[in-house]
**Student:** 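What follows is a structure written as structure tokens; I'll ask about it next.
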Amino acid sequence: MEILSFKNLVFLALLGFLISFVEADLKLGFYDKSCPKAEKIVFDYVKKHFPNAPALAAPILRMHFHDCFVRGCDASVLINSTSTNQAEKAATPNLTLRGFGVIDIIKSLVEKECPGVVSCADILALTARDAVAVAGGPFWHVPTGRRDGLISNATEALNNIPPPTSNFTALQKSFANKGLNLTDLVLLSGAHTIGISHCSSFSNRLYNFSGKGDEDPSLDKVYASNLKKLKCKTPNDNTSTVEMDPGSFKTFDLDYYKLLLKRRGLFQSDAALTTVSAIKAQISKLAGGPLEVFFNAFAQSMEKMNKIEVKTGNVGEIRKNCAVFNS
Ligand code: HEM
Ligand SMILES: *[C@@H]1O[C@H](CO)[C@@H](O)[C@H](O)[C@H]1NC(C)=O
Ligand SMILES: *[C@@H]1O[C@H](CO)[C@@H](O)[C@H](O)[C@H]1NC(C)=O
Ligand SMILES: *[C@@H]1O[C@H](CO)[C@@H](O)[C@H](O)[C@H]1NC(C)=O
Ligand SMILES: *[C@@H]1O[C@H](CO)[C@@H](O)[C@H](O)[C@H]1NC(C)=O
Ligand SMILES: *[C@@H]1O[C@H](CO)[C@@H](O)[C@H](O)[C@H]1NC(C)=O
Ligand SMILES: *[C@@H]1O[C@H](CO)[C@@H](O)[C@H](O)[C@H]1NC(C)=O
Ligand SMILES: CC(=O)N[C@H]1CO[C@H](CO)[C@@H](O)[C@@H]1O
């Protein structure tokens with residue numbers, strides 16, 4: 001048998017080396033040599049400025065999610081539209097994204113330290129992580145080395161970001177498309193413990209749900225009537241907002257899961273999670289605490305999300321300005 005001859009072993013080792021090169025991976029501290037202060041610049045900015053604007057953590061976390069679900073975590077969500085390209089920002093789900101200016105500021109601080117080294121995709125992933133941590137939420141690891149993508153297409157955002165009207169099957173499919181399972185769906189949806197929503201994202205549940213002038217029967221009646229009386233007073237209100245987790249929308253806590261069990265999840269996609277008994281059981285368990293269980297599991301799912309379809313090695317580019325492609 002000649003199969004494992006010296007020559008073959010050398011060949012296999014070489015092949016392995018080439019494959020590892022092509023499949024260059026993210027790693028913790030990717031910029032330790034090339035820009036040792038990068039992660040500290042991001043963290044220091046967040047620590048200094050976010051506590052004054054505690055409502056910023058939510059939109060940045062959501063932006064990170066929207067980035068990762070369209071062409072992977074490659075900063076495609078940050079690109080501005082041009083006369084010839086409708087970028088992801090122009091897609092309906094992105095109309096309510098906020099916080100782009102903050103990412104641009106942090107990028108410019110990092111560029112000043114090491115021009116052309118640190119990707120916008122990494123800056124977004126790090127900023128989202130630090131923003132949640134500084135707000136007292138869970139902490140997760142962000143291995144770095146993401147490269148910025150060269151395409152940002154509004155239609156792709158529409159096709160990949162699940163709408164708030166999604167049923168359970170649609171959510172499961174959308175997450176599975178990104179390598180995320182039902183555990184990840186339940187945990188990442190827990191991000192709705194912070195932040196706000198526009199009435200337009202759920203007012204179909206309050207007004208004329210099935211064309212009979214009715215409410216969504218899966219929404220708690222008292223909650224629905226309060227929303228109509230106090231917050232979303234007309235069916236076509238596109239500007240008013242509500243706290244998704246009323247009373248603690250700046251605090252990463254278990255209230256989101258407690259609300260789901262009271263049929264007070266704001267979106268149909270939130271309510272959909274309690275329509276499957278095994279998932280509902282998981283939600284009851286999470287809601288019962290302790291908080292650390294949620295935090296640890298959320299962190300694990302975030303570590304899966306922040307690796308979705310990442311570009312590494314020589315793919316893509318390191319954008320100079322996060323809102324425009326380099327050339
Ligand atoms: C499961 C499918 C999901 C759907 C259908 C969904 C849908 C939505 C919608 C419609 C809004 C309100 C936007 C507005 O009207 O202003 C929202 C807000 C938000 N979402 Fe989700 N989302 C999902 C999953 C996630 C995930 C995975 C994360 C992050 C890990 C996330 C984080 C957030 C945050 C933090 C906000 C508040 C944003 C702010 O305050 O500006 N969502 N989501
Ligand atoms: C991108 O668009 C935003 C919002 O319209 C604007 O403030 C920013 O200056 C633009 N950035 C570039 C580089 O054109
Ligand atoms: C954007 O994506 C859609 C859906 O995949 C595709 O049909 C369209 O051609 C893309 N647009 C551009 C300008 O590439
Ligand atoms: C769930 O939503 C999808 C996509 O909108 C739809 O095709 C499907 O029929 C729905 N499933 C159920 C059980 O309502
Ligand atoms: C989802 O994946 C994680 C590992 O990433 C695993 O621990 C968990 O059991 C999986 N959940 C389901 C429902 O398959
Ligand atoms: C409710 O929806 C039905 C069917 O789409 C429509 O005919 C009716 O005019 C709507 N009612 C209101 C008050 O908008
Ligand atoms: C809200 O937005 C929808 C869809 O863009 C539009 O048809 C409607 O006229 C808007 N309503 C108001 C009050 O501006
Ligand atoms: C934040 C952002 O870029 N919003 C844009 C979303 O798309 C609409 C319509 O294309 C633009 O007017 C917004 O500026």
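What's counted below: heavy atoms across the whole structure, side chains too, no hydrogens, waters or symmetry copies. The model shown is predicted, which means the values in this text are computed figures rather than measured ones. Start at 1 and go down the list; that is how both ligands and their atoms are numbered. We're numbering straight along the sequence, starting at 1.
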**Student:** With side-chain hydrogen bond (donor to acceptor under 3.5 Å, both in side chains) as the test, would you mind laying out the steps for Arg71 and Ser152 before giving the verdict?
**Tutor:** CA-CA 8 Å; Arg71 288 195 168 265; Ser152 177; over 6 Å; no
**Student:** Give the atom numbers and elements of ligand 1 that come within less than 4.0 Å of a heavy atom of Gly195.
**Tutor:** 37 (C), 40 (O)
**Student:** Just which atoms of ligand 2 are under 4.0 Å from any heavy atom in Ala323?
**Tutor:** 11 (N)
**Student:** Going by the order shown, which atoms of ligand 1 are within less than 4.0 Å of some heavy atom of Pro164?
**Tutor:** 5 (C), 10 (C)
**Student:** Of all the N, O or S atoms in His192, which has the shortest distance to atom 21 (Fe) of ligand 1?
**Tutor:** NE2
**Student:** Charged N to carboxylate O below 4.0 Å: is that the case for Glu215 and Lys228?
**Tutor:** yes
**Student:** Give a yes or no on this: more than 12 heavy atoms of other residues, nucleotides or ligands lie within 6.0 Å of atom NZ of Lys280.
**Tutor:** no
**Student:** Does NZ or CZ of Lys89 fall inside the cone over Phe100's six-membered ring, less than 6.0 Å from its centre and within 45° of the axis?
**Tutor:** yes
**Student:** Is the number of heavy atoms from other residues, nucleotides or ligands within 6.0 Å of NZ (Lys178) greater than 12?
**Tutor:** yes
**Student:** Between Phe175 and Phe69, does the ring centre distance come in under 6.0 Å?
**Tutor:** yes
**Student:** Against heavy atoms of Ala191, which atoms of ligand 1 measure under 4.0 Å?
**Tutor:** 28 (C), 29 (C), 30 (C), 31 (C), 32 (C), 35 (C)
**Student:** Asp130 vs Tyr45, test: side-chain hydrogen bond (donor to acceptor under 3.5 Å, both in side chains). Steps then yes/no.
**Tutor:** CA-CA 10 Å; Asp130 291 347; Tyr45 184 89; over 6 Å; no
**Student:** Below 4.0 angstrom, N of the basic side chain to O of the carboxylate: do Glu243 and Lys250 qualify?
**Tutor:** no
**Student:** Under a 4.0 angstrom heavy-atom cut-off, which atoms of ligand 1 come close to Pro163?
**Tutor:** 5 (C)
**Student:** Measure from atom 24 (C) of ligand 1 to every heavy atom in Phe202, Phe65, Phe69, Phe249 and give the option owning the shortest one.
**Tutor:** Phe65
**Student:** Please could you name the atoms of ligand 2 that Asn321 approaches to less than 4.0 Å, counting only its heavy atoms?
**Tutor:** 13 (C)
**Student:** Could a heavy atom of Ala55 be found less than 4.0 Å from some atom of ligand 1?
**Tutor:** no
**Student:** Using atom types as modelled and distance alone, determine if a side-chain donor or acceptor of Thr193 lies under 3.5 Å from a backbone N or O of Asp253.
**Tutor:** yes
**Student:** Suppose I only count heavy atoms of Met244 and a 4.0 Å limit; which atoms of ligand 1 are within that range?
**Tutor:** 18 (C), 19 (C), 36 (C), 37 (C)
**Student:** Can you name the atoms of ligand 2, numbered from 1 with element, that are less than 4.0 Å from a heavy atom of Asn80?
**Tutor:** 1 (C), 2 (O), 3 (C), 8 (C), 10 (C), 11 (N), 12 (C), 14 (O)
**Student:** Determine, using the 4.5 Å side-chain heavy-atom cutoff (strictly less than), whether Ile105 and Ile60 are members of one ILVMFWY cluster.
**Tutor:** yes
**Student:** Counting only heavy atoms on the protein side, is anything nearer than 4.0 Å to atom 2 (O) of ligand 4?
**Tutor:** yes
**Student:** Atoms of ligand 1 less than 4.0 Å from His198 heavy atoms?
**Tutor:** 14 (C), 15 (O), 16 (O)
**Student:** Could you see which bit of His64 sits under 4.0 Å from ligand 1, with heavy atoms only: side chain, backbone, both or neither?
**Tutor:** neither
**Student:** Is it true that Lys107 and Glu111 make a salt bridge, defined as a side-chain N closer than 4.0 Å to a carboxylate O?
**Tutor:** yes
**Student:** Atom 5 (C) of ligand 1: which of Cys199, Pro162, Ser189 has the nearest heavy atom?
**Tutor:** Pro162
**Student:** Which ligand 1 atoms does Ser201 reach within 4.0 Å, using its non-hydrogen atoms?
**Tutor:** 10 (C), 13 (C), 14 (C), 15 (O)
**Student:** Under 4.0 Å, counting heavy atoms only: does Ser166 come that close to any atom of ligand 1?
**Tutor:** no
**Student:** Of all heavy-atom pairs between Pro138 and Phe298, which one has the smallest distance, and what is that distance?
**Tutor:** CG-CD2, 3.5 Å
**Student:** I'd like to know if atom 11 (N) of ligand 4 has any protein heavy atom within a distance of less than 4.0 Å.
**Tutor:** yes
**Student:** For ligand 1, does Leu171 get within less than 4.0 Å through its side chain, its backbone, both, or neither, judged by non-hydrogen atoms?
**Tutor:** side chain
**Student:** With no hydrogens and no angle check, do the side chains of Arg146 and Asn306 hold a donor and an acceptor under 3.5 Å apart?
**Tutor:** yes
**Student:** Below a 4.0 angstrom heavy-atom separation, can you tell me which part of Phe175, side chain or backbone, both or neither, approaches ligand 1?
**Tutor:** side chain
**Student:** For the pair Ser203 (side chain) and Asp237 (backbone), establish whether a donor and an acceptor sit closer than 3.5 Å, ignoring hydrogens and angles.
**Tutor:** no
**Student:** Quick one: does Phe267 get an N or O within less than 3.5 Å of an N or O on ligand 1?
**Tutor:** no
**Student:** Specify the protein heavy atom at minimum distance from atom 14 (O) of ligand 4: its residue, its atom name, and the distance to 0.1 Å.
**Tutor:** Asn167 ND2, 3.3 Å
**Student:** If we only count N/O pairs under 3.5 Å, is Ser269 in contact with ligand 1?
**Tutor:** no
